[in-house]
Amino acid sequence: MKIADHKNIAYTKAGKFEETRFEKIHNVIFNSSNEASLLVAQEIASLIREKEYQNQPCVLGLATGSSPIKVYEELVRLHKEEGLSFANVISFNLDEYYAMDKSNIQSYFYFMHEHLFSHIDILPENVNIPDGKISSENLYQYCIDYEMKIKSVGGLDLQLLGIGRTGHIGFNEPGSHYNSGTRSITLDHITRVDAAPAFLGIDNVPRKAITMGIGTVLSAKRIILLGWGVNKAEILKKTIEGEITAEVPATYLQQHDNTTFIIDEGASSELTRVKTPWLVTTCVWSEPLKLKAVVWLSELLGTPILKLTDKNYNNNGMSGLLTEEGTAYHLNIKMFNKLQHTITGWPGGKPSADDSNRPERADIPRKKVIIFSPHPDDDVISMGGTFDRLVEQGHDVHIAYQTSGNIAVSDEEALKFAEITQSLCPGCHETQSIINFLKIKTDNDIDSDEVRQLKGLIRRSESLAATRYLGLNDKNVHFLDLPFYETGTIKKNNLSKEDTDIMCRLIETIKPHQIYAAGDLADPHGTHKVCLDALFIALEDLKHNDYMNDCWVWLYRGAWHEWESYQIEMAVPMSPDQVLKKRHAIFYHQSQKDGVMFQGGDSREFWVRAEDRNRLTAKKYNDLGLADYAAIEAFKRYHFK
């Protein structure tokens, strides 16, 4: 079955459904990237089998990056467990960094063999990946030859794509021509920023690449583009709904008659039919949709909710909502109160108070609380003020650091600590071994066990300094060191039962009334997502226990994103003094403070980014007509039963 036949198809044979009238590329929205990836793999497998039956080669254009990883995992499973053969497959990869040696762990040659080719029966001579070490004098002819080889085998039967934040497909950056072929190209700064984590810093990211051209991609008989996470939402909206432009190369796909974009809920969040469905079709007005619409209208017009008028609603596609609710006056008060009731200075519930209009319960005065932190600083960066408030108000707070975070410690920082240790303990063999390793380490070297241990200890000591500053006893700090993370490289292992068992044991021991967890899913294959999946599996395993009936789960977001105002179910305001205290707690994570490797496209330090985010949330509340606070931390409740 092709993805285009899926029940969520956005088109009919006669044309577009009303709600997709802004969209110029067929797209299918899935609940999760995992679900979507399995179906994409099934379509590829069906094509391979069909071509095998016809005694023809199956020519696949393949992509790298995080987006297709689950597709490749499923193809490997189909090969090993269901006998899918790749003997008739000829593959052409989209791109490769230049200059880049095949043996480099950041090369796409390495990536493809690690995730796919080394696990299937494809013939080595049928694998084509641009050579990142071709000499500069031979590069032009090499690109022509690569193009001609694709044509010599009949062209691409199916091209798999991802999409970059610049709108690039392959490495066709903004400005790429519609008819462009395989060539060398200079990478956009944003593309290099996005690649920086894998290279442990932007300075290590190559500035050039070899890529198939737009024309090469468009010659494929079938194109599937994968888009996961809210980070891709804005560029996907431009690509799907915008005009064709060289500034967003992916928009050229609008001219291909057999293209499907496969996206998850996060990636679809900016599409008109998802973000503002009342602008395209008649809505069934659920309570969450009403709140979303009213908040959107207030923000659009820059008018507090209580000042919105009937005319404002009618002029912005919400006359049906007014018909259902009666008048703007009554609707405004109803939605204003919903937002007002999310605000609380008592995140653990206010004892002996009426909690009917509060986000948390008052009937358990002293709650047992677990704050799950994917990395050893997510707790204070994302919810340091709430953490402080919970401790201050007498709750039994536990912090659980799910991973060691050792890979985020630079070699320079580790060497500094090793040399200090060596000066205190001259002749220490293990410390000298660490120093020797770090001084000769190359880009392709994976940290030794001793180095990883030292880097993990650095993160632990910083975490303990921060939690002590916030008044938490060391016995309430738990370092889980989930095994999936401990690879020493950017690529992590899949989540295992060993990981989820560790989570279950801690929850069973504490029997919490509240769990806080990172719900930031900007990268669906990132550490935050894996840590959240581990929690969800643990909750599913434990939900039959009586103590789980009293357990509420609150999701926070990280330093890059915040919940939208209409999504927030608990808003914890902070005073200027608490903002300062949160800042100081973040400062204890010194190895992450200056020159951190995973800064992304935002040059602000983590503490600045966190403060700005909290201030912006408070400003949004104030602009909606609510009280004016210095800062707000926001949470959304997860219902696991």
Side-chain angles (χ1 to χ4, degrees), residues 288 291 338-339 341-351 355 357-375 378-402 470 472 476 478 503 506-507 510-522 528-529 531-540 542-543 547-559 561-574 578 582 610 613-614 617-618 621 631-641:
L291 180 60
K338 279 183 178 292
L339 287 170
H341 295 160
T342 65
I343 301 173
T344 181
W346 297 80
K350 188 173 184 178
D355 61 7
N357 289 321
R358 292 178 180 273
E360 254 294 355
R361 303 148 291 171
D363 60 345
I364 308 173
R366 187 173 188 266
K367 290 182 172 66
K368 290 179 285 186
V369 178
I370 301 177
I371 298 174
F372 282 108
S373 180
H375 301 97
D378 288 315
D379 54 338
V380 290
I381 288 173
S382 301
M383 55 170 292
T386 304
F387 177 178
D388 180 48
R389 195 73 61 83
L390 288 165
V391 173
E392 184 182 78
Q393 292 171 355
H395 298 286
D396 181 18
V397 178
H398 294 256
I399 296 292
Y401 297 108
Q402 292 169 276
L470 293 176
L472 196 67
N476 283 25
H478 309 270
M503 298 283 289
L506 181 67
I507 295 172
I510 296 173
K511 298 178 174 56
H513 302 104
Q514 278 189 333
I515 288 175
Y516 292 86
D520 190 345
L521 308 183
H528 280 213
K529 175 63 165 60
C531 287
L532 189 62
D533 285 344
L535 173 61
F536 287 168
I537 294 170
L539 293 174
E540 184 66 24
L542 298 172
K543 68 180 184 181
Y547 65 84
M548 294 301 290
N549 294 327
D550 289 327
C551 183
W552 286 18
V553 177
W554 293 99
L555 301 180
Y556 60 84
R557 281 192 162 173
H561 298 278
E562 186 56 278
W563 300 111
E564 296 290 343
S565 303
Y566 62 85
Q567 296 175 312
I568 297 171
E569 295 178 79
M570 181 162 68
V572 181
M574 292 187 289
Q578 287 174 317
K582 173 176 177 173
R613 185 198 64 177
N614 294 155
T617 304
Y621 262 62
I632 286 178
E633 291 178 338
F635 303 87
K636 180 177 173 61
R637 189 177 168 197
Y638 171 71
H639 299 270
F640 61 91
K641 297 178 183 177

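Along the sequence shown, the residues carry numbers beginning at 1.
Side-chain atoms of Y638 and L535, non-hydrogen and from C-beta on, never get closer than 4.5 Å to each other. Counting only heavy atoms from C-beta outward, the side chains of L390 and Q514 approach each other to under 4.5 Å. Looking only at side-chain heavy atoms (C-beta outward), R557 and K636 stay at 4.5 Å or farther from each other.
Between the side chain of E562 and the main chain of N614, no donor-acceptor pair closer than 3.5 Å is present. In this structure, T617 contributes its side chain and R613 its backbone to a donor-acceptor pair below 3.5 Å. With hydrogens and angles ignored, the 3.5 Å screen pairs no side-chain donor or acceptor of D379 with any backbone N or O of S373. Between the side chain of R366 and the backbone N or O of G394 there is at least one donor-acceptor pair closer than 3.5 Å. Under a 3.5 Å cut-off, the side chain of Q402 and the backbone N or O of A534 do not form any donor-acceptor pair. Between the side chain of N357 and the backbone N or O of H341, no donor-acceptor pair lies under 3.5 Å.
Rounded to the nearest 0.5 angstrom, I515 CD1 and I371 CD1 are separated by 11.5 Å. Atom CG in L539 sits 7.5 Å away from atom CE in M503 (nearest 0.5 Å). Separating the NZ atom in K543 from the CE atom in M548 is a distance of 10.0 Å, to the nearest 0.5 Å. Considering NZ of K511 and NZ of K368, their distance stands at 7.0 Å, rounded to 0.5 Å. Note: D550 CG to I364 CD1 = 4.5 Å, rounded to the nearest 0.5 Å. Expressed to the nearest 0.5 Å, how far CD1 of I537 lies from CG of L542 amounts to 11.5 Å.
Judged as a ring pair (Phe, Tyr, Trp, His ring centres under 6.0 Å), and not counting sequence neighbours, F640 has no contacts. By the ring pair (Phe, Tyr, Trp, His ring centres under 6.0 Å) test, Y556 pairs with no residue at all, sequence neighbours left out. Scored by the ring pair (Phe, Tyr, Trp, His ring centres under 6.0 Å) test, H513 finds no partners at all (sequence neighbours excluded).
Each of E360, Q393, R389 was evaluated against W346; a single residue qualifies, Q393, per the side-chain contact (heavy atoms from CB on, under 4.5 Å) test. Checking each of I507, V553, L532 against F372 for a side-chain contact (heavy atoms from CB on, under 4.5 Å) leaves exactly one that passes, namely I507.
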Test T342 against Y621 for side chain to side chain contact (heavy atoms under 4.5 Å, CB included), laying out the working first. CA-CA 11 Å; T342 65; Y621 262 62; 2.8 Å; yes
Pair H375, I381 - check side chain to side chain contact (heavy atoms under 4.5 Å, CB included), show working. CA-CA 10 Å; H375 301 97; I381 288 173; over 6 Å; no
Start with the C-alpha gap between D378 and H528, add the side-chain angles, then the distance that decides, and say whether side chain to side chain contact (heavy atoms under 4.5 Å, CB included) holds. CA-CA 10 Å; D378 288 315; H528 280 213; 3.1 Å; yes
Can you check side chain to side chain contact (heavy atoms under 4.5 Å, CB included) on I568 and I632, steps first, answer last? CA-CA 11 Å; I568 297 171; I632 286 178; 5.8 Å; no
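Here the closest non-hydrogen pair linking T344 and P359 is CG2-CG, 3.5 Å. Across every non-hydrogen atom of E569 and R637, the tightest pair is OE2-N, 3.1 Å. K582 approaches V380 most closely through the heavy-atom pair CE-O, 3.1 Å. Between I510 and H478, the shortest heavy-atom contact is CD1-NE2, 4.0 Å. Between Y566 and L291, the shortest heavy-atom contact is O-CD2, 3.6 Å. In terms of heavy atoms, A634 sits closest to W563 at O-CD1, 3.7 Å.
In summary, the side chains of S382 and Y516 do not present any donor paired with an acceptor at a separation below 3.5 Å, with no hydrogens or angles considered.
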